[in-house]
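Computed from a predicted structure; not experimentally measured.
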Amino acid sequence: MSDSVSLRDAGAQPTLVYVGLGANLGEREAALRKALATLGQYPGTRVLRVSPLYGSAPVDAGGPDYLNAVAEVATTLTPEALLQALQAIELSAGRERPYRNAPRTLDLDILWFGDQVIDTPTLTVPHPRMAERAFVLRPLADLVPERVDATALQAVAAQDIHQLEGAGWVDGVAGL
């Protein structure tokens, strides 16, 4: 964990953030659990809830099936600092980026950062492809059904995804 993370003003209220988690190489569930535990150790950051665990076929990619979930996180980190934290967690899990949509040991994406709309060279929020992916929308709908459009869920209904475990799959992870 970096000592140089950027916090917003010391008195700032935490922002509610939704982070997509996925892995299709190695010890997938262990990687997701460790990522959640590590994320909760960043300054001003707490993992509040985690969706059930899903299995899904890769979309626009090859390789083994993914494990996917979504975490609800409260953080006082800036969006850029949270992105850096997520990328550091991915790197520590052995994430490599040999080509676009390569199989991965860990993938962490900011889906929503409060109600902010962010479009920079390094970060786009809301996540630009989440409405096309059942592996994001289904677990997101488990946490915040009022924010996931039923039409969007219907549009991805044919994608291969199935719930493997309820939200209890993270029991015992620090802070949850």
Less than 4.5 Å apart, any side-chain heavy atom of [X] and any of [Y]?
X	Y	result
H127	R133	yes
F113	L123	no
L164	H162	yes
L48	V73	no
T45	T76	no
P64	L25	yes
E165	E29	yes
T75	Y42	no

Does D171 CG have over 12 foreign heavy atoms under 6.0 Å away?
-> yes
Please report the interatomic distance [atom1]([X]) to [atom2]([Y]), rounded to the nearest 0.5 Å.
X	Y	atom1	atom2	answer
S92	L106	OG	CG	7.5 Å
L153	Q159	CG	CD	10.5 Å
Q87	L82	CD	CG	10.0 Å
R147	D149	CZ	CG	12.5 Å
L140	N68	CG	CG	12.0 Å
L91	Q84	CG	CD	12.5 Å

Heavy atoms only: give me the nearest T105-A93 pair and the separation to one decimal.
-> OG1-O, 2.9 Å
Over all heavy atoms of both residues, which pair between V70 and G20 is shortest? Give the atoms and the distance, please.
->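 The pair with the smallest heavy-atom distance is CG2-CA, 4.3 Å.
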Test item: side-chain donor near acceptor, Y54 and D142, under 3.5 Å = yes
Mind running side-chain contact (heavy atoms from CB on, under 4.5 Å) on I89 and L39 for me, showing each step along the way?
-> CA-CA 8 Å; I89 294 168; L39 180 58; 4.0 Å; yes
Of all pairs that satisfy salt bridge (Lys or Arg N to Asp or Glu O under 4.0 Å), the ones with a partner from residues 64-78, not counting sequence neighbours | R49-E72
Identify which one of V117, I118, V17 satisfies the side-chain contact (heavy atoms from CB on, under 4.5 Å) criterion when paired with V125.
->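 Answer after filtering V117, I118, V17: I118.
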